[in-house]
Amino acid sequence: MPPLRTAVHCAAGGLVLVLALTGCTGSPQDGSAPAVTASTSATPPVPDAPLTVTDWAVTSLSGTPLPAGAAGRARFTLAPDGSAGGNLGCNRFSAPAAVEGATVTFGPVTSTRMACEGPAGEVERTLTGLLGAGPLTWKVQGRTLTLTAADGRTLTAEAASAAE
């Protein structure tokens, strides 16, 4: 077969294939509306992590990311029995915690007494003050928790894992 004739056959075959494929998605001949197909997303939405039984790793305080020397150290868990515990950035802590609707209130914080200096000490002092600020509103969106004090100070934490 001459080269021109081969090219014409290939082009004609491609056109038939395109028409066959697009003919399946065109409008129906009876005048009705075309069928709507469901779109599937490559990534399903992330379900909200539960407020309790989740290990929350503090990532920022009042919109400021934790400094390098303290990042990843401050974390806590709220237990279904009304207790909270974790690490303030340097010292371990425990406290009673009451969840009522969209608020959580931490009782007096009991902690170990290591001397904490530098970024870890600053994070610990800020976090202790925020937890003791009275009722905090809470919101979980996906795997991110935001606690907000009445004066506008915030704590943002990411869900690390479900507590055992």
Side-chain angles (χ1 to χ4, degrees), residues 18 21-22 24-27 32-164:
V18 169
L21 291 175
T22 58
C24 294
T25 60
S27 297
S32 64
V36 176
T37 57
S39 171
T40 57
S41 174
T43 55
V46 175
D48 290 345
L51 176 63
T52 59
V53 303
T54 299
D55 180 22
W56 295 106
V58 179
T59 57
S60 70
L61 293 168
S62 294
T64 303
L66 298 188
R73 297 174 71 176
R75 50 191 333 113
F76 63 94
T77 302
L78 295 166
D81 70 358
S83 64
N87 191 304
L88 295 166
C90 180
N91 285 292
R92 295 207 40 79
F93 83 98
S94 64
V99 178
E100 294 179 15
T103 65
V104 59
T105 305
F106 292 86
V109 172
T110 304
S111 69
T112 56
R113 302 289 219 151
M114 295 189 307
C116 303
E117 297 180 8
E122 289 177 36
V123 166
E124 183 157 318
R125 283 186 290 283
T126 302
L127 190 53
T128 301
L130 182 66
L131 294 179
L136 305 170
T137 58
W138 65 271
K139 180 179 181 180
V140 175
Q141 193 165 22
R143 301 195 55 78
T144 302
L145 167 67
T146 303
L147 297 178
T148 306
D151 64 5
R153 292 179 293 160
T154 60
L155 171 155
T156 304
E158 294 295 321
S161 66
E164 300 288 320

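No experiment lies behind these values; they were computed from the predicted model shown. Reckoned from all heavy atoms, side chains included, excluding hydrogens, waters and symmetry mates.
- When atom types are taken as modelled, the side chain of Ser83 and the backbone of Ala79 share no donor-acceptor pair closer than 3.5 angstrom.
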### Task
Could you give me the CA-CA distance, side-chain angles and deciding distance for Phe76 and Leu127, then say whether side chain to side chain contact (heavy atoms under 4.5 Å, CB included) is met?
CA-CA 11 Å; Phe76 63 94; Leu127 190 53; 5.7 Å; no

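- A donor-acceptor pair is defined here as one N or O able to donate and one able to accept, closer than 3.5 Å; no such pair exists between the side chain of Asn91 and the backbone of Ser111.
- Atom-to-atom distance recorded for Arg75:CZ and Asp55:CG is 4.0 Å, nearest 0.5 angstrom.
- Checking Asp48 against Gln141 by side-chain atom types alone, no donor-acceptor pair falls below 3.5 Å.
- Panel note: side chain Thr103, backbone Glu100; a donor-acceptor pair is recorded below 3.5 Å.
- Here the straight-line distance linking atom CE of Met114 with atom SG of Cys90 works out to 4.0 Å at 0.5 Å rounding.
- Put simply, the side chain of Arg73 gets close to the backbone of Gly89: a donor and an acceptor are under 3.5 Å apart.
- Counting all heavy atoms, side chain and backbone alike, Thr105 lies closest to Pro135 at OG1-CA, 3.5 Å.
- The closest donor-acceptor contact from the side chain of Trp138 to the backbone of Val99 lies at 3.5 Å or more, if one exists at all.
- Between atom CG of residue Leu51 and atom CG of residue Leu147 there is a gap of 7.5 Å, rounded to the nearest 0.5 Å.
- The backbone N or O of Gly121 lies less than 3.5 Å from a partner atom in the side chain of Arg125, making a donor-acceptor pair.
- In this structure, the side chain of Thr112 engages the main chain of Arg92 through a donor-acceptor pair within 3.5 Å.
- Scanning both residues, Val109 and Phe93, for their nearest heavy atoms gives CG1-CB, 3.8 Å.
- For Thr59 (side chain) and Thr156 (main-chain N/O), a donor-acceptor pair under 3.5 Å exists by modelled atom type.
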